[in-house]
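Computed from a predicted structure; not experimentally measured.
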Amino acid sequence: MKKLLLTAMMCLAFSVPTMANDSVTVYSNGNLVADKGVIVDGRTLVPVRGVFEYMGYTVEWDNDTKTAQLTSSDGSTVITLTNGKDTFTINEDTITPDVPQQIIESRFMLPLRAVGEAVNAQVDWNGESKTAYINSQNSDVIESTTEAATEETTESNTEVTTKTEVIGNTTITSKMNVPFVTIEGISSDEVPDDAVEIEVE
């Protein structure tokens with residue numbers, strides 16, 4: 001009896017799907033999507049609402065028909081997805097994804113590849129970390145690129161360059177590191193000490 005019970009428990013453990021092993025981290029236009037994606041039959045599916053809202057789409061859900069309608073910010077693109085159907089539509093075009101769109105743990109999921117095709121988005125996949133990156137073609141600069149540019153600008157601004165020029169009877173000495181100019185005879189409490197200084201002889 002104990003052996004039979006143990007066997008039944010082992011079968012149950014292997015039959016229950018484990019979302020933790022197949023969960024996928026998803027970024028849309030540089031934003032971390034709150035809901036996880038999932039891998040089904042070797043295909044990556046991502047949450048519709050989180051992904052498309054970060055791309056500027058309005059998501060409407062009809063619970064009676066289990067249909068999601070996604071509308072772009074300018075109204076030019078309307079995507080219609082119905083749970084369990086083998087196809088979905090983009091305006092008047094019909095798309096057949098590798099895996100049907102489906103509801104998993106109360107989340108409407110769409111295959112990652114189909115997202116890229118639907119909105120002409122760039123899709124990247126990191127197999128080691130199981131992370132999907134989706135960036136629409138008209139999105140702003142990716143956050144990491146922006147941060148790198150900001151750091152580079154900050155470093156360049158900290159370098160002080162002193163330059164002296166003589167024009168006629170006028171000697172101009174400048175220290176360049178911030179966008180401020182100090183002219184002799186004009187003062188301001190907001191101007192830093194290392195601003196540009198111009199001396200007139």
Side-chain angles (χ1 to χ4, degrees), residues 9 11-148 150:
M9 291 177 63
C11 292
L12 181 61
F14 283 108
S15 63
V16 176
T18 54
M19 276 289 288
N21 292 337
D22 293 334
S23 64
V24 174
T25 301
V26 183
Y27 286 87
S28 177
N29 279 351
N31 301 285
L32 176 63
V33 178
D35 296 322
K36 295 285 188 179
V38 63
I39 298 176
V40 176
D41 296 333
R43 297 290 187 270
T44 301
L45 284 80
V46 295
V48 169
R49 180 175 294 277
V51 168
F52 280 90
E53 284 183 340
Y54 279 128
M55 290 191 288
Y57 281 73
T58 300
V59 181
E60 297 180 358
W61 173 250
D62 187 331
N63 194 54
D64 294 334
T65 60
K66 305 300 182 196
T67 298
Q69 181 171 291
L70 321 174
T71 307
S72 61
S73 57
D74 60 2
S76 63
T77 304
V78 178
I79 304 171
T80 304
L81 310 161
T82 301
N83 179 48
K85 279 195 173 183
D86 294 333
T87 62
F88 64 91
T89 61
I90 305 174
N91 294 336
E92 301 299 325
D93 299 327
T94 300
I95 308 297
T96 304
D98 295 339
V99 178
Q101 59 267 11
Q102 53 194 281
I103 297 175
I104 301 177
E105 294 195 351
S106 302
R107 298 289 183 268
F108 203 166
M109 300 285 187
L110 184 67
L112 178 63
R113 184 188 299 271
V115 174
E117 294 174 352
V119 294
N120 193 28
Q122 177 183 342
V123 175
D124 296 309
W125 170 251
N126 187 321
E128 294 183 1
S129 62
K130 292 185 179 179
T131 303
Y133 300 90
I134 306 167
N135 289 286
S136 56
Q137 299 298 326
N138 60 349
S139 64
D140 294 332
V141 180
I142 299 175
E143 183 178 356
S144 60
T145 305
T146 304
E147 291 176 353
T150 302

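The distance from atom OG1 of Thr71 to atom CZ of Phe52, rounded to the nearest 0.5 Å, is 11.5 Å. Considering CG of Leu110 and OG1 of Thr44, their distance stands at 12.0 Å, rounded to 0.5 Å. The line from OG of Ser23 to CD1 of Ile39 is 8.0 Å long, rounded to the nearest 0.5 Å. Atom CG of Asp98 sits about 11.5 Å away from atom CG of Asp86, to the nearest 0.5 Å. One finds the CE atom of Met109 at 5.5 Å from the CD1 atom of Ile104 (value rounded to the nearest 0.5 Å). Summarising the geometry, atom CD belonging to Gln69 is positioned 12.5 Å from atom CH2 belonging to Trp61; distances are rounded to the nearest 0.5 Å.
The closest donor-acceptor contact from the side chain of Asp64 to the backbone of Asp62 lies at 3.5 Å or more, if one exists at all. Looking only at distances, no side-chain donor or acceptor of Lys130 sits under 3.5 Å from a matching main-chain atom of Gly127.
Scanning both residues, Pro47 and Val26, for their nearest heavy atoms gives CD-CG2, 4.2 Å. Counting all heavy atoms, side chain and backbone alike, Asn91 lies closest to Ser76 at ND2-O, 3.2 Å. The two residues Leu112 and Trp125 make their nearest non-hydrogen contact at CD2-CE3, 4.5 Å. In this structure, Val40 and Leu45 approach most closely via the heavy-atom pair CB-CD1, 4.0 Å. Considering every non-hydrogen atom in both Ala118 and Ile79, the closest pair reads CB-CD1, 4.1 Å. Across all their heavy atoms, Gln101 and Pro97 have their closest contact at OE1-CG, 3.9 Å.
With contacts defined as side-chain heavy-atom distances shorter than 4.5 Å, the pair Leu81/Leu70 qualifies. Counting heavy atoms from C-beta outward, Arg49 and Phe108 have side chains that stay 4.5 Å or more apart. Counting heavy atoms from C-beta on, the side chains of Val115 and Met55 come closer than 4.5 Å. In this structure, Tyr54 and Ile134 have side chains that are not in contact, with every pair of non-hydrogen atoms separated by 4.5 Å or more. Contact check for Thr82 versus Thr65: no side-chain heavy atoms found under the 4.5 Å cut-off.
Evaluation of the salt bridge (charged side-chain N to carboxylate O under 4.0 Å, His left out) test over residues 69-85, restricted to residues two or more places apart or in two chains, returns none. Applying the salt bridge (charged side-chain N to carboxylate O under 4.0 Å, His left out) definition to pairs two or more places apart or across chains, none involves residues 117-127.
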Show your reasoning for whether side-chain contact (heavy atoms from CB on, under 4.5 Å) applies to Val119 and Thr77.
CA-CA 9 Å; Val119 294; Thr77 304; 5.5 Å; no
Val123/Arg113 under side-chain contact (heavy atoms from CB on, under 4.5 Å): CA gap, chis, key distance, verdict:
CA-CA 7 Å; Val123 175; Arg113 184 188 299 271; over 6 Å; no
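Around the CG atom of Asp41, the shell of radius 6.0 Å holds no more than 12 heavy atoms that belong to other residues, nucleotides or ligands.
Residues forming a side-chain contact (heavy atoms from CB on, under 4.5 Å) with Thr25 (at least two apart in sequence, or on another chain): Tyr27, Leu32, Lys36, Thr131.
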